[in-house]
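Inspection log for the structure reproduced underneath, given as structure tokens.
The residues of the chain are indexed from 1 along the displayed sequence. The model shown is predicted, which means the values in this text are computed figures rather than measured ones. Keep in mind that the numbers below use all heavy atoms, side chains included, and drop hydrogens, waters and symmetry copies.
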Amino acid sequence: MDKKEINQQKTEEENLQPSRLDFIRELISDCRYDDAMELLGIATEDEPDNVDYNYELARIFMEMGNYSSAVSNLELVLEKTQSSLLYFMLGEAYQADDQLDKAIGAYLKANTLNENFPFAYKKLGMLFMARGDKESAREYFEDYIKLDIAEDEKDSVKKILERI
């Protein structure tokens, strides 16, 4: 076996090994949050701005009820990449942390990035309804039921609209 074949074999073997991130995600899926947090702590020391590591940290913090830490990690991720899902998650973290104005801002940003992202519309309708802003709630619920959602969900929201 020549040097080129040996290097190729090593590369193939390395590709079969799960990456650090894959292993961390497996730990998370097994609800082994402490182990995942330990590995993520080491990983973020090596790469503090790594989007994937900070995203996984945010997921764990959300699961553990540490919403302010989830917010911090999601904000780090959003500095590097933006998506409606990330802003929705940020809204969820803010809402869980009782920062409703910031939650509304994050949900609005999710809608700005993707006008067909239904979950943010529903959350906005619910938050505005809770605030007593029935006109805004109606607007977001009406936009929500125009999107591609299940019929039973549309029926449920139509009942809410009838009560507003």
Side-chain angles (χ1 to χ4, degrees), residues 1-128 130-131 140 143-144 147-150 152-153 156:
M1 201 180 271
D2 67 5
K3 192 173 186 177
K4 183 179 178 183
E5 289 174 325
I6 292 171
N7 286 337
Q8 184 178 358
Q9 185 177 2
K10 276 185 179 180
T11 302
E12 288 173 4
E13 288 174 5
E14 288 171 0
N15 288 339
L16 294 176
Q17 296 289 328
S19 71
R20 177 191 276 183
L21 185 59
D22 290 334
F23 186 63
I24 289 168
R25 287 179 174 154
E26 192 172 312
L27 290 172
I28 294 169
S29 70
D30 290 342
C31 298
R32 294 176 55 193
Y33 301 131
D34 291 337
D35 295 335
M37 290 287 285
E38 184 178 333
L39 287 177
L40 282 165
I42 295 166
T44 54
E45 282 179 17
D46 296 340
E47 301 175 66
D49 295 330
N50 184 296
V51 169
D52 293 318
Y53 297 151
N54 282 294
Y55 172 77
E56 296 304 334
L57 277 169
R59 285 182 49 208
I60 293 171
F61 286 133
M62 285 293 289
E63 285 293 323
M64 296 173 69
N66 186 342
Y67 304 116
S68 60
S69 293
V71 164
S72 297
N73 284 96
L74 285 167
E75 288 174 343
L76 284 172
V77 171
L78 285 162
E79 288 175 8
K80 304 286 183 197
T81 185
Q82 297 189 355
S83 76
S84 54
L85 180 59
L86 288 171
Y87 276 104
F88 180 79
M89 287 178 64
L90 182 62
E92 292 286 278
Y94 280 135
Q95 185 177 352
D97 202 32
D98 290 326
Q99 297 182 56
L100 300 185
D101 290 336
K102 289 183 177 184
I104 288 171
Y107 294 135
L108 288 169
K109 185 70 175 179
N111 280 352
T112 301
L113 291 174
N114 182 355
E115 293 177 357
N116 295 314
F117 188 70
F119 310 110
Y121 286 98
K122 184 176 183 183
K123 284 291 189 168
L124 285 163
M126 292 167 57
L127 287 175
F128 281 117
R131 282 185 154 180
Y140 285 104
D143 289 343
Y144 175 65
L147 298 173
D148 185 23
I149 59 173
D152 61 334
E153 178 68 8
S156 161

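- With rounding to the nearest 0.5 angstrom, the NZ atom of Lys102 is 12.0 Å from the CG atom of Leu100.
- Among residue pairs with one or both ends in residues 29-84, none qualify as ring-ring contact (aromatic ring centres under 6.0 Å, His included); sequence neighbours excluded.
- Looking at heavy atoms from C-beta onward, Arg20 lies in side-chain contact with Asp46 at the 4.5 angstrom threshold.
- Nearest heavy-atom pair across Val71 and Ala93 is CG2-CB, 3.6 Å.
- Atom CZ of Phe88 sits about 5.0 Å away from atom OH of Tyr107, to the nearest 0.5 Å.
- Under the 4.5 Å side-chain criterion, counting only non-hydrogen atoms from C-beta, Phe23 is not in contact with Asp35.
- Side-chain atoms of Ser156 do not come within 3.5 Å of backbone N or O of Asp152 as any donor-acceptor pair.
- Between Asp143 and Glu115, the closest side-chain pair of non-hydrogen atoms is not below 4.5 Å.
- We find the CD-CG distance between Glu56 and Leu21 to be 6.0 Å, quoted to the nearest 0.5 Å.
- Annotation: Asp34, atom CG; neighbour count of heavy atoms from other residues, nucleotides and ligands within 6.0 Å does not exceed 12.
- Under a cut-off of 6.0 angstrom, the local environment of CD in Glu38 is sparse, with at most 12 non-hydrogen atoms contributed by other residues, nucleotides or ligands.
- Between Asn111 and Ala120, the closest heavy-atom pair is OD1-CB, 3.2 Å.
- A distance of 12.0 Å separates NZ in Lys109 from CG in Leu86, rounded to the nearest 0.5 Å.
- For the residue pair Leu147 and Pro118, the shortest heavy atom distance occurs at CD1-CA, 3.6 Å.
- Side-chain contact between Asn50 and Thr44 is absent, with no heavy-atom pair separated by less than 4.5 Å.
- Here the shortest heavy-atom pairing between Ala58 and Leu74 reads CB-CG, 3.6 Å.
- By the 4.5 Å heavy-atom criterion applied to side chains, Lys123 and Ile104 are not counted as neighbours.
- From Glu153, atom CD reaches atom NZ of Lys122 across 3.5 Å, with rounding to the nearest 0.5 Å.
- Legend: residues meeting ring-ring contact (aromatic ring centres under 6.0 Å, His included) with Phe119, ordered by chain and number and at least two apart, are Phe117.
- Judged by distance alone, the side chain of Ser72 and the main-chain N or O of Ser68 form a donor-acceptor pair under 3.5 Å.
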